[in-house]
Structures are given as structure tokens and as C-alpha cells.
Amino acid sequence: MENATYTQLQQFYAEHMSAIDDGEVERWLDTFTDDATIANNARPEPARGRATIAVVAHRLVAEARAQRVVHRHWTGMLQAVWLPDGSVQATSYAMVVETPAAGSPHLWRSTRCRDTLVRSGGRWRIRERYVRHDDVG
Amino acid sequence: MAASTETSVGFVDAAVHHRVQQFYAEQMQLLDRGEAEPWARTFTEDGVFGTSVDPEPARGRAAIAAGAAEATARLAADGVVHRHWLGMLHLRPAADGGLHARSYALVIRTPKGGEPVVWRSCVCEDLLVPTDGGGWLVRERHVHRDDLS
């Protein structure tokens with residue numbers, strides 16, 4: 001993939017992850033298409049559509065606040081290819097660093113994240129996401 | 001591909017993004033090597049450096065260099081090495097050709113003869129200004145520590 005798009009994707013992920021880490025659910029949802037799906041290897045049945053994804057996102061943000069921890073999603077090792085229909089398949093590793101209030105940070109999760117992204121409404125958006133959690137067999 | 005040639009609103013182009021990544025690599029390596037004066041010169045003369053811990057930010061290169069020298073001495077006394085890893089860089093254009101740069105930072109701390117730990121997790125917010133030579137300087141930095149947020 002050419003530099004310009006690859007760099008856009010890196011910046012997309014930085015913005016996308018900081019939105020959820022900062023608890024800004026609406027800004028995070030805006031990085032998905034309306035009909036987006038998210039699945040993972042712990043719950044293979046995907047959440048379908050922004051409204052369903054919103055419920056899960058609000059719950060995760062509320063849980064982190066209740067436990068007084070901050071999560072930082074770091075993505076890297078990004079591999080991205082154009083698909084014939086003009087969408088992009090992006091596979092990256094993601095680790096989550098968890099920091100408790102007044103405590104020390106530690107590695108909380110390690111995952112692989114496979115997204116299909118499309119240009120829509122003037123920006124990149126995720127249409128399909130599959131997360132493989134390394135701790136789930 | 002159509003998507004690769006269209007103007008991408010909100011994205012800083014690849015060449016600038018790469019330069020800024022290199023700027024941070026250089027800047028953090030100066031700090032981790034304890035080169036306080038060269039580190040301070042990566043800020044503007046009137047640069048401001050604030051953190052969650054200090055009620056008053058350091059203002060100007062002399063104060064920024066003094067802070068770095070103090071931190072370096074403390075690490076040497078404790079027999080530990082720090083490595084600042086920056087990532088998840090997000091750039092937005094600012095006024096007068098500047099950039100708002102937001103990144104995550106991890107500090108990896110390794111004691112002599114011991115194992116590294118993740119010592120700090122932070123968010124770093126910078127206002128970068130361009131130099132005549134095509135490089136960048138930090139005019140304003142605020143570091144937010146996740147353990148104090």
C-alpha cells in the first residue's frame with residue numbers, strides 16, 4: 001500500500017483509539033459505518049450496527065470509570081491492503097495498557113485486530129472488525 | 001485507487017508525519033541519554049513544559065534543561081535507565097503552519113541488573129512550530145499521567 005494511505009490509516013487508529021480511551025463514545029462511534037459489525041473470539045456472534053456497538057462501548061467506559069482505571073490502546077505492526085471493492089483490510093496488533101488511579105501501569109490485553117475500512121462521509125470508517133484476544137483459546 | 005488521490009481533510013500528509021515521528025525519536029533519545037541542553041533546544045526559546053505533577057510549568061529553555069538535568073541525576077542515583085516510547089501519534093494542523101500533536105507515551109524503566117517494567121503511561125499534547133530548516137520545535141507541551149488522571 002502507498003505511503004499516503006498507510007499514514008492516513010496510522011492517524012486514523014490514533015484518533016480512533018484515543019476516542020474510546022478518553023471515554024468519548026460518540027466520537028468513537030463516528031469512526032464506524034452505520035451498519036458496522038464487531039466480533040471477537042470470545043463472543044463470535046457479532047454486535048451489529050452502531051446502536052448495538054454503542055451499548056457495549058458505554059458499558060466498557062463505565063466499567064473502567066467504576067474501577068478507576070485508564071486504558072490506552074496501542075496499535076502497531078499495521079498491515080494494510082486494498083481489496084478489489086475499494087475497501088481496505090487492515091490487520092494490526094493491539095495492546096492495552098491499564099493504569100489504576102495512583103498505581104502502576106501494566107499490560108492488560110494483547111490482541112490482533114482485523115478491520116475492513118471504507119471511505120464514507122469524507123473519512124475512513126470501520127465496516128467490519130474482528131478482534132482475536134490472545135488469552136482466549 | 002480513488003481514495004488514495006482525494007484530498008483527505010483532517011489528515012497531515014505522509015512526509016510531514018514521518019518528519020514528526022523522527023523528531024520525537026530524536027527528542028526522546030536526547031532525554032534518555034541525559035543530554036539536557038540539546039533536549040532543551042528541541043523547544044522554542046520561550047517553550048513551556050507542563051506535567052500533571054508540577055503545579056507550575058517550566059518556562060523557557062534554561063528551566064527545561066534544568067528539569068532534565070535534575071531527572072537525569074535522580075535516575076543515575078537510583079541506578080535505573082528510562083526509555084520513552086511515543087506512539088499513536090495524531091497530528092492536526094494549527095495556526096501559522098504549526099501542528100497539534102497528541103501521542104501516547106510509555107516509560108520503560110530498567111534497574112541495573114534487573115527486569116524492565118512499564119513505569120508510566122501518559123498522554124503528551126504538543127504544539128509544534130516549524131523551523132526555517134524544515135524541522136520542528138515544541139512551543140508548548142502538556143504531559144498527562146494516567147495514574148494521576
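Quick note on labels: first sequence line is chain A, next is B, and so on, each numbered from 1.
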Pairs of heavy atoms under 4.5 Å with chain B: top-ranked of A:Ala101, A:Ser104, A:Ala102:
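Ranked by heavy-atom pairs under 4.5 Å with chain B, first place is A:Ala102.
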Given the options A:Val97, A:Asn3, A:Thr99, which has more heavy-atom pairs under 4.5 Å with chain B than any of the others?
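Looking at each of A:Val97, A:Asn3, A:Thr99 in turn, A:Thr99 comes out on top.
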Donor-acceptor pair, side chain of B:Asp146 and main chain of A:Pro105, under 3.5 angstrom
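The answer is no, because no donor-acceptor pair under 3.5 Å joins these two groups.
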Measure from the side-chain N and O atoms of A:Ser87 to the backbone N and O of A:Thr116, and report whether any donor-acceptor pair falls under 3.5 Å.
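No; zero donor-acceptor contacts below 3.5 Å.
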Measuring heavy-atom distances to chain A, does [X] have an atom under 4.5 Å in its side chain, in its backbone, in both, or in neither?
| X | answer |
| --- | --- |
| B:Ser121 | both |
| B:Val117 | neither |
| B:Arg102 | side chain |

For A:His16 and A:Thr31, does a side-chain donor sit closer than 3.5 Å to a side-chain acceptor?
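Per modelled atom types, A:His16 and A:Thr31 side chains form a pair under 3.5 Å.
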Step by step, would you call B:Trp136 with B:Val16 a side-chain contact (heavy atoms from CB on, under 4.5 Å)?
CA-CA 10 Å; B:Trp136 298 93; B:Val16 172; 4.0 Å; yes
Looking at A:Ala14 and B:Leu89, what are the two nearest heavy atoms and their distance?
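Distance-wise, the nearest heavy atoms are CB-O, 3.4 Å.
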